[in-house]
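Let me begin by presenting the structure, written as structure tokens, before commenting on it.
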Protein chains: 2
Amino acid sequence: MTGPEPKEKAKVWATLAEEARRRIRDREWAPGTTIPNEATLAQEWGVSRVTVSRALGKLAEEGLLDRRRRAGTRVVERPQRAASFEVGLIRDEVERTGRRYGYEMIEAGEHQVPEHVRDRLGITTQPRVMRILARHLSGGEPFAWEERWINGGTVPEALDVDWRHQSPNEWLLHNVAYTWADVSLTAALSGPRSSRALGCEEGSALLMLERTTWLGKWSVTHVAYCYAPGHRMWSRS
Amino acid sequence: MTGPEPKEKAKVWATLAEEARRRIRDREWAPGTTIPNEATLAQEWGVSRVTVSRALGKLAEEGLLDRRRRAGTRVVERPQRAASFEVGLIRDEVERTGRRYGYEMIEAGEHQVPEHVRDRLGITTQPRVMRILARHLSGGEPFAWEERWINGGTVPEALDVDWRHQSPNEWLLHNVAYTWADVSLTAALSGPRSSRALGCEEGSALLMLERTTWLGKWSVTHVAYCYAPGHRMWSRS
DNA sequence: TAGTGGTCTAGACCACCAG
DNA sequence: TGGTGGTCTAGACCACTAT
């Protein structure tokens, strides 16, 4: 042994998937042609058909193969992989970079609900609604600006929370579990308050993530996060 | 029958996954507790253990369960699902909305490479580099602005292509297959040319997608797409 | 109609790790 | 060290669709 083994798992199907990728890359399996069927490959590789199926299924998922019953498995002519971006919690995002996470409440209180938020929350009546403005820090530097609306009709307890030391997200996670959310991403110009909070010029371009959270058919909260100028999300894998 | 059956597939494991989700939602399996092991559930549900494993594996992937050998399977206390955004081809993105896709070249030619593009392409020598400016239309309306750089050192054929009727992406897909790319997303302000192409005011906030494509260790192209103001990406699922 | 992939089962062995 | 999940095999039946 020339060195310590770095955690070898060697799932069989993953190995076979890699071998198949190589054959495609090296044109042993040319674009547009049909490759041997599962039974043949299973015999050639000395594994069961299910294992071959998993390996090829992975490549189909990646867009390298096109599999159809009866027709067999073909190498696609022009593979085009979609890029995928994942967004979790701000706190995790910061801590993953190794920096210290910080939270600062700027303002909190009941507030009139503007039109666009009303639409997002699907509000028709006049419930009491909490608005929290805050910012998130990364290693002491401004990282993101948060404008949060919480529907008091769905979560009345939220109207009496002290938001100075606890971010809305963490409170909601602890108190309103098993929700679902729709999330969207867009670009916005910084306004007077967000630019002050982020320490940038007014009129800067900001990446803005919006999330509306639902508990059954009742809206819980709508939040807009504006990342500091220059923030970049990278595609995974 | 009261109506036509709408394509029922009913994979067993998917059905079981749904049942498990229900039990978690309804607190039959309470947060933080350990659920019955695979063998038990297999017997209860009258299926094989592998099928149970697939179903629970899916929920673990979704972040609802935490599975560990010997320790068993636990319901996580505070599930937090990451949002995921997928980006494919502009053309597909437009056509999926049912609108007609259009492409217009604005300018194409060899061009001096600015610093930030040079970095992205990992260029150290002085290869000939093609720049193409173009816009993409959706139902006749401006949809996205494209600034494309193609590394003539890697793809010399690209220096002699007529880009008026063929978008760089489609040409590259046909001529340089089996590449990989890194993709990022950020916000940018519209400049004089992009605002003219998109029909918006200068200084608008634009969602910008950048992609650098590699063939082995050689960079092929770098492209920045700026979507028209107000463009919004939605999380899938 | 026949050949292909898609899924399920029963059984087995192994890797992990709480006890 | 034993119980748990993770993976593989062999065999089976089914769904789809090219011919």
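For clarity, every value in this text was computed on a predicted model and none was experimentally measured. Residue numbering restarts at 1 for every chain, and letters A, B, ... go by the order of the sequence lines.
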Legend entry - Ionic contact status for A:Arg22 with A:Glu28, cut-off 4.0 Å: yes

Inset, instruction - Please collect all salt bridge (charged side-chain N to carboxylate O under 4.0 Å, His left out) contacts where either partner lies in residues 147-160 of chain A, sequence neighbours excluded, each pair once. - result: A:Glu146-A:Arg148

Inset, instruction - Answer yes or no: is there a side-chain heavy-atom contact under 4.5 Å between B:His136 and B:Tyr101? - result: yes

Legend entry - Test salt bridge (charged side-chain N to carboxylate O under 4.0 Å, His left out) applied to B:Arg120 - qualifying residues, sequence neighbours left out: B:Glu210

Inset, instruction - Using atom CZ of B:Arg67 as one end and atom C1' of D:dG3 as the other, report the distance to the nearest whole Å. - result: 14 Å

Inset, instruction - If a pair satisfies ring pair (Phe, Tyr, Trp, His ring centres under 6.0 Å) and one of its residues is in residues 13-60 of chain A, list it, with sequence neighbours excluded. - result: none

Inset, instruction - Please list all pairs passing the salt bridge (charged side-chain N to carboxylate O under 4.0 Å, His left out) test where one or both residues lie in residues 33-47 of chain A, with sequence neighbours left out. - result: A:Arg23-A:Glu44, A:Glu38-A:Arg49, A:Glu38-A:Arg67

Legend entry - Between C:dG5 (C1') and A:Arg54 (CZ): distance, integer Å: 16 Å

Inset, instruction - Give me the residues of residues 32-45 of chain B where at least one heavy atom lies under 4.0 Å from an atom of DNA chain C, by number, or none. - result: none

Inset, instruction - Please identify each residue that fulfils ring-ring contact (aromatic ring centres under 6.0 Å, His included) with A:His231, with sequence neighbours left out. - result: A:Phe143, A:Tyr227

Legend entry - Salt-bridge contact A:Arg91-A:Glu95 (side-chain N to carboxylate O under 4.0 Å): yes

Inset, instruction - Output yes when at least one side-chain N/O atom of B:Thr51 is less than 4.0 Å from OP1 or OP2 of C:dT7, else no. - result: no

Inset, instruction - Send over the distance from A:Arg68 CZ to D:dA18 C1', rounded to a whole Å. - result: 10 Å

Legend entry - Any residue meeting salt bridge (charged side-chain N to carboxylate O under 4.0 Å, His left out) with A:Glu62, in chain and number order, not counting sequence neighbours: A:Arg21, A:Lys58

Legend entry - A:Lys11 NZ to D:dG5 P, straight-line distance once rounded to whole Å: 17 Å

Inset, instruction - To the nearest Å, give me how far apart CG (B:Asp66) and P (D:dG5) are. - result: 12 Å

Legend entry - Set of residues satisfying side chain to side chain contact (heavy atoms under 4.5 Å, CB included) with respect to A:Thr40, sequence neighbours excluded: A:Pro36, A:Asn37

Legend entry - Between P of C:dT7 and CG of A:Leu56, the distance in whole Å: 14 Å

Inset, instruction - Using five pairs at either end of the helix from C:dT1-D:dA18 to C:dA18-D:dT1, determine the angle between the two local helix axes and round it to 10 degrees. - result: 10°

Inset, instruction - Please identify each residue that fulfils salt bridge (charged side-chain N to carboxylate O under 4.0 Å, His left out) with B:Arg164, with sequence neighbours left out. - result: B:Asp162

Inset, instruction - For the residue pair A:Asn169 and A:Arg211, establish whether any side-chain heavy-atom pair is separated by less than 4.5 Å. - result: yes

Legend entry - Under 4.0 angstrom between B:Thr73 side-chain N/O and D:dT4 OP1 or OP2: no

Please write out the pairs of protein N or O atoms and N or O atoms of nucleotides 10-15 of chain C separated by less than 3.5 Å, giving the distance to one decimal.
{"from": "C:dA12", "atom 1": "N6", "to": "B:Arg49", "atom 2": "NH2", "distance (Å)": "2.9"}

Inset, instruction - Under 4.0 Å from any atom of DNA chain C, heavy atoms only: list the residues of residues 13-24 of chain B that qualify, in numerical order. - result: B:Trp13

Inset, instruction - Give a yes-or-no answer on whether the side chains of A:Arg232 and B:Ser184 include a donor-acceptor pair shorter than 3.5 Å. - result: yes

